[in-house]
> 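There's a structure below that I have some questions on.
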There are 2 protein chains.
Amino acid sequence: MGERGVPRAERRRRTEEKILGAARTLFAEVGFERATIRAIARAAGVDPALVMQYFGTKQELFQQAARVTPVADGELTAEEVVEHVLASLSVKMGEVPQGSLAMMRSMLTHPEAAASARQVLGEQIDRLAAAIPAEDARLRAALLTTIMLGVAVGHQLLELDELRGVSSDEIARLLRPSLRALTAEQVAGDRTG
Amino acid sequence: MGERGVPRAERRRRTEEKILGAARTLFAEVGFERATIRAIARAAGVDPALVMQYFGTKQELFQQAARVTPVADGELTAEEVVEHVLASLSVKMGEVPQGSLAMMRSMLTHPEAAASARQVLGEQIDRLAAAIPAEDARLRAALLTTIMLGVAVGHQLLELDELRGVSSDEIARLLRPSLRALTAEQVAGDRTG
DNA sequence: GTCTATAAGACGATAGAC
DNA sequence: GTCTATCGTCTTATAGAC
C-alpha cells in the first residue's frame with residue numbers, strides 16, 4: 001500500500017501499537033479469559049501468529065495492554081485529598097484509560113489482574129492515608145478507595161441505568177460530602193451508646 | 001455405604017445439594033469461566049457426567065448456584081435506610097451467602113452474571129430511592145449501592161490488606177456519616193459559585 | 001441411575017514454508 | 001518478517017455400556 005519509505009522499525013512499532021490498542025479494547029470489554037488472541041488479531045487486522053511473535057504469551061500481551069499509568073503526586077492536605085479523588089473520578093468517568101478498564105474488568109477472575117489491581121489500589125491507599133489526619137488513616141483511605149472503585153465499576157463496567165448519562169461533575173458534587181466525612185477528623189465523644 | 005433405607009428421591013436431593021454447594025464455592029472463588037464442571041464434580045465427590053445429568057448445562061448450574069435471595073423489606077425512612085444498608089454490609093462481611101459471592105465474582109466477565117447483578121442492584125436502588133427525600137433520589141440510591149458494592153468487592157473478592165480482619169462494626173461506624181451525607185436532604189443554597 | 005468413552009470444537013502456542 | 005498449517009490440551013456435552 002502507501003507505506004513505502006517507512007522504516008521497518010517504525011512499521012513494526014505501528015503494528016505493535018495497533019495490536020495493543022485492539023488488545024486494550026477487547027480485554028476491557030470481555031476480560032482476560034474471553035478475549036482470545038484470534039479475536040484481538042482480527043480486530044487489529046493482523047495474523048494471530050504475529051501477535052504471539054511480538055508478545056510471546058497472552059499473559060505478556062495483557063500485562064502491556066493493562067499497564068496502568070500511576071499518577072504521581074506530592075503531599076496533600078486532607079481537603080485536597082477529597083478534590084484529588086474526585087478529580088480522578090472525573091478522569092475515570094470521561095475518557096477512561098482503556099488499560100485501566102482492562103485491568104478492572106479482569107481483576108475478579110484473572111489472578112494476575114487481581115494482583116495488579118491490589119498493587120495499584122494499595123499505592124493509592126498509601127498516598128491517601130498520608131494525607132488523612134486520623135489514627136485509622138489507612139482504613140479510611142481504603143474505604144475511600146473502594147468507594148471510588150465501586151462507583152467506577154457500577155458506571156463503567158456494569159453500566160447501571162441510574163448512572164448512565166450522568167455527568168462526572170454531578171456525581172462529584174453528590175459524592176463530595178461523603179468523602180469529606182471520611183477524611184475529616186472525628187469529633188471526640190461522637191459515639192452514641 | 002450406610003445409606004440403606006434412604007429413599008431414592010432423598011438421596012437424589014442430597015447429591016444435588018452437594019453439587020450445588022461445591023458449585024457455589026468454586027464459582028465464588030474463581031468465577032464462571034475458570035470453574036469447570038470437572039472441578040465442581042471432583043469437589044462434590046461425584047462424576048462430572050452426573051452434574052450434567054442433573055443440571056443440563058453449566059449455565060443452568062450457575063443460575064441455581066448464584067441465585068441471590070432478595071431481602072424484601074417494607075418502606076423505610078431516610079435514616080433507617082442508612083442503618084439498613086449498613087446491616088446488609090454486616091451480612092456481607094460476616095457470613096456472606098456464597099451464592100452472592102459467586103454472582104459478584106463473575107459479574108464483570110460473564111454476561112449472564114452481569115445481567116443478574118444489574119437486576120439485583122437495580123432492585124436495591126429502587127428500594128433505597130423510595131426512602132430518600134430528594135429529587136435525585138435514584139441517583140443517590142445508585143451511589144449508595146455502588147459504594148457498598150465497592151466495599152464488598154474490596155473486602156470479599158480482592159481481599160485488600162487494609163480491610164482484612166476489620167470488623168464489620170468498625171467499617172459500619174466509619175461509613176455511617178458518608179452514607180448519611182447521601183441520604184440527608186440538601187440545604188438550599190449549598191452550592192458554591 | 002451411574003459411570004466410561006468419546007464426540008466436537010476452541011484455545012494457546014509452535015514449526016516451518018515463503 | 002509474515003503467514004499457513006497444525007500440534008497438544010483443554011473444555012462442554014452426549015451416547016451408550018453396565
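Because the structure is a prediction, the values reported are computed rather than measured.
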> Given atom CG of B:L50 and atom P of D:dA15, what is their separation to the nearest angstrom?
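Computing the B:L50:CG to D:dA15:P distance gives 17 Å.
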
> Backbone N or O of B:F32 within a donor-acceptor pair of the B:S106 side chain at under 3.5 Å?
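Yes; judged by distance alone, with no hydrogens or angles, the pair exists.
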
> Would you check if the side chain of A:T146 reaches a backbone N or O of A:A142 as a donor-acceptor pair within less than 3.5 Å?
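Indeed, once roles are kept as given, a pair shorter than 3.5 Å links the two residues.
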
> Output the rounded distance in Å from CD (B:E60) to P (D:dA13).
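One finds 10 Å between P of D:dA13 and CD of B:E60, rounded.
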
> Of the listed nucleotides (D:dT2, C:dT14, C:dC11), which one gets closest to any side-chain atom of A:M52?
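The answer is C:dT14, which lies nearest to the side chain.
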
> Please tell me which of B:D47 and A:Q59 maps to the more 5' nucleotide of DNA chain C, matching each residue to the nucleotide holding its nearest heavy atom.
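Final value for this comparison: B:D47.
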
> Using the side-chain heavy atoms of B:A49, tell me which of these nucleotides is nearest: C:dC3, C:dC11, D:dT11.
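Nucleotide nearest to B:A49's side chain: C:dC3.
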
> Heavy atoms only, 4.0 Å cut-off, all strands: where does A:R38 land among base, sugar-phosphate and nothing?
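Base, at least one base atom sits under 4.0 Å.
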
> Report the distance from atom CZ of B:R34 to atom C1' of C:dG12, rounded to the nearest whole Å.
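My rounded result for the distance is 13 Å.
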
> For A:Y54 and D:dT2, is the shortest distance between a side-chain N/O and OP1 or OP2 below 4.0 Å?
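It does, given that an N or O in the side chain of A:Y54 lies less than 4.0 Å from OP1 or OP2 of D:dT2.
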
> Nearest-Å distance, CZ (A:F55) to P (C:dA13)?
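Atom-to-atom, A:F55 to C:dA13, this comes out as 13 Å.
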
> What is the distance, to the nearest angstrom, from the NZ atom on B:K58 to the C1' atom on D:dT11?
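After rounding, the reported distance stands at 8 Å.
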
> May I have the distance from B:Q53 (atom CD) to C:dT4 (atom P), rounded to whole angstrom?
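Atom-to-atom, B:Q53 to C:dT4, this comes out as 15 Å.
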
> Quick one: does A:R176's side chain have a donor or acceptor within less than 3.5 Å of a partner on A:V82's backbone?
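Checked: no pair found.
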
> If I take atom CG in residue A:L61 and atom P in nucleotide C:dA13, what distance separates them, rounded to the nearest angstrom?
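The answer, rounded to whole Å, is 10 Å.
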
> Output yes when A:R24 and A:E17 qualify as a salt bridge under the 4.0 Å nitrogen-oxygen rule, no when they do not.
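Here A:R24 pairs with A:E17 in a salt bridge, since their nearest N and O are under 4.0 Å apart.
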
> Nearest whole angstrom, please: distance from the P of D:dC3 to the CD1 of A:I37.
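Rounding to the nearest Å, CD1 of A:I37 and P of D:dC3 are 15 Å apart.
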
